[in-house]
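What follows is a single structure, written as structure tokens, with notes after it.
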Amino acid sequence: MLVFLLALALDTTATPDQAAVAADLRAADADRDGRLSRAEFRVLIDRRAEAGGERAAVIKRAGAYDRAFARLDRDNDGFLSREELTPRG
């Protein structure tokens with residue numbers, strides 16, 4: 001069940017516009033280094049969930065922050081860049 005919920009939460013067929021991704025990054029990037037750490041990603045997910053974001057709410061309810069982060073961190077550097085936050089088309 002958790003795998004299904006994660007797949008739904010991280011559906012990369014949805015394409016948010018670049019402005020929305022940039023705004024999310026700026027809002028959550030506490031140290032202003034242009035990328036998100038695991039802690040900053042958690043803040044982003046919590047904010048999205050509180051704002052009614054269904055995918056973020058699924059991640060939050062499942063406590064799947066680390067799994068979601070790992071799936072998005074395509075270069076495995078321990079941070080999420082703007083490119084990694086933008087779903088692949």
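Quantities reported herein were computed from a predicted structural model and do not represent experimental measurements.
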So which heavy atom on A56 is nearest to which on A49, and how close?
CB-N, 3.5 Å
With distance as the sole test, does R32 use its side chain to make a donor-acceptor pair with the main-chain N or O of R26 at under 3.5 Å?
yes
Can you tell me if E40 uses its side chain to pair, donor with acceptor, with the backbone of D29 under 3.5 Å?
no
Interatomic distance, L25 atom CG to R35 atom CZ [nearest 0.5 angstrom]
11.0 Å
Could you check whether any side-chain heavy atom of F79 comes within less than 4.5 Å of a side-chain heavy atom of D73, counting everything from C-beta outward?
no
Quick check for you: to the nearest 0.5 Å, what is the distance between I59 atom CD1 and L44 atom CG?
9.0 Å
Does F69 belong to the same Ile/Leu/Val/Met/Phe/Trp/Tyr cluster as V21, with side-chain heavy atoms less than 4.5 Å apart forming each link?
yes
Nearest-0.5 Å distance, CG of residue D75 to OG of residue S81:
6.5 Å
R74 side chain to E83 main-chain N or O, any donor-acceptor pair under 3.5 Å?
yes
Quick check: do F41 and L72 have side-chain heavy atoms less than 4.5 Å from each other?
yes
Would you say that R48 contacts D24 through its side chain, given a criterion of any heavy-atom pair below 4.5 Å between the two side chains?
yes
Would you confirm whether E50, through its side chain, and R47, through its main-chain N or O, come within 3.5 Å as a donor-acceptor pair?
no
